[in-house]
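For the numbers below, each heavy atom of this structure counts, side chains included, while hydrogens, waters and symmetry mates do not. These numbers come from a predicted model, not from an experiment.
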Amino acid sequence: MSASKSTGKAAAAERQAALAAVKASQKKQERRRTVLISSIAGVLVVGLVGATGFVLVNENRKNAAVEAKAAEPVDGVADVRDGLTSNHVTTVVDYAQDPPAGGDHAAAWLNCGVYADPVPNENAVHSLEHGAVWLTYDPALPADQVAALEQIASENAYVIVSPYEGLSAPVVASSWGYQLELDGADDERLPVFVRKYLLNPELPEVGALCSSGVGTPA
């Protein structure tokens with residue numbers, strides 16, 4: 001076996017291990033939530049009803065609804081996969097979408113997380129290739145809605161949140177090959193998009209790092 005093939009297989013194995021670790025972490029969080037909700041439900045049965053119990057049970061129902069909707073086509077999602085290239089470049093790229101949802105990009109990916117200022121398109125697109133979802137918002141978006149986007153990033157290691165000048169909608173969600181214009185952070189399609197396209201298994205580099213790149217999230 002040549003050295004290049006060996007290196008390629010090692011890199012692929014490393015990506016798969018990273019992806020498995022992320023998915024395992026997500027499943028662990030879901031199991032903890034389920035156990036906690038079950039405990040609360042038991043308390044409710046014996047008559048010890050509390051506000052926290054209602055909130056957790058309602059949250060579980062919301063998660064189940066999002067999961068079900070993510071299994072179906074999401075209304076308004078633009079499929080822009082056709083013709084996307086994925087070359088590493090050192091120049092500014094003129095993307096077909098604004099913000100971009102794939103294409104040639106910088107060799108260095110952008111660290112996932114929350115940014116207070118706009119980030120370089122070329123680095124963010126590389127993160128999309130690794131399975132990230134990029135949530136861009138109009139700088140005039142109300143602070144409470146920005147906080148809601150930041151909360152999504154705090155719960156998902158492969159989410160980028162940043163302001164973006166000149167958006168055609170208050171919030172735009174992008175993954176590699178897919179994009180959705182949203183009315184705001186409270187648009188019910190947002191969590192569905194994140195659930196459906198985060199770490200999209202159809203991507204060849206899904207699960208590659210979204211850290212140890214460039215950029216310093218807040």
query = About how many Å separate CG of L135 and CD of E150, when rounded to the nearest 0.5 Å?
reply = 11.0 Å
query = Do D104 and Y95 come within less than 4.5 Å of each other through their side chains, counting heavy atoms only?
reply = no
inquiry  = Quick one about S168 and E181 (side-chain donor to acceptor, distance below 3.5 Å, no hydrogens or angles considered), yes or no?
reply    = yes
message = Nearest 0.5 angstrom please: L128 CG to L203 CG, how far?
response = 9.0 Å
request  = Let me see the working for T216 and Y115 under side-chain contact (heavy atoms from CB on, under 4.5 Å), right down to the final yes or no.
outcome  = CA-CA 8 Å; T216 306; Y115 291 85; 5.5 Å; no
Pairing residues for D187 by the salt bridge (charged side-chain N to carboxylate O under 4.0 Å, His left out) criterion, not counting sequence neighbours = R189
ask   = Should the ring pair W109 and H130 be called parallel, tilted or perpendicular, given that the plane angle runs from 0 to 90° and is split at 30 and 60?
value = tilted
inquiry  = Side chains of W134 and S162: any donor to acceptor distance under 3.5 Å?
reply    = yes
note = Heavy-atom closest pair (R195 atom, V66 atom, distance to 0.1 Å) is CB-CG1, 3.9 Å
key: Heavy-atom check, side chain of P217 versus side chain of V114, under 4.5 Å   = no
ask   = Got more than 12 heavy atoms from elsewhere within 6.0 Å of CG, D144?
value = yes
request  = Verify whether one side chain among N200 and Y178 offers a donor that lies under 3.5 Å from an acceptor in the other.
outcome  = no
request  = Look at the side chain of Y158 and the backbone N and O of S127, then say whether any donor-acceptor pair between them is shorter than 3.5 Å.
outcome  = no
inquiry  = Between V214 and N111, does the side-chain contact (heavy atoms from CB on, under 4.5 Å) criterion hold? Intermediate values first, please.
reply    = CA-CA 6 Å; V214 299; N111 293 323; 5.6 Å; no
message = As an exercise, state the distance from OG of S175 to NZ of K196, rounded to the nearest 0.5 Å.
response = 10.5 Å
query = Does any N or O in the side chain of Q179 come within less than 3.5 Å of the main-chain N or O of P99, such that one atom is a donor and the other an acceptor?
reply = yes
message = When you compare the side chain of D138 with that of V171, does any pair of heavy atoms fall below 4.5 Å?
response = no
query = Charged N to carboxylate O below 4.0 Å: is that the case for R81 and E202?
reply = yes
query = Any side-chain heavy atom of V119 within less than 4.5 Å of one from N123?
reply = no
task = With side-chain contact (heavy atoms from CB on, under 4.5 Å) as the test, would you mind laying out the steps for V74 and K69 before giving the verdict?
result = CA-CA 7 Å; V74 182; K69 290 179 180 178; over 6 Å; no
request  = Please examine the side chains of V172 and L180, heavy atoms only from C-beta on, and report whether any two atoms are closer than 4.5 Å.
outcome  = no
ask   = Do you know which two heavy atoms are closest between G184 and Q145, and how far apart they sit?
value = CA-OE1, 3.3 Å
ask   = Within a strict 4.5 Å, meaning less than it, do heavy atoms of the L149 and L190 side chains meet?
value = yes
task = If the plane angle is over 60° it's perpendicular, under 30° parallel, otherwise tilted; pick one for H126 and H88.
result = tilted
request  = Would you indicate whether the side-chain heavy atoms of V80 and Q97 approach each other to under 4.5 Å?
outcome  = yes
Sub-4.5 Å side-chain heavy-atom contact between N121 and Y164 = yes
task = For T136 and P163, indicate whether the former's side chain and the latter's backbone hold a donor-acceptor pair under 3.5 Å.
result = no
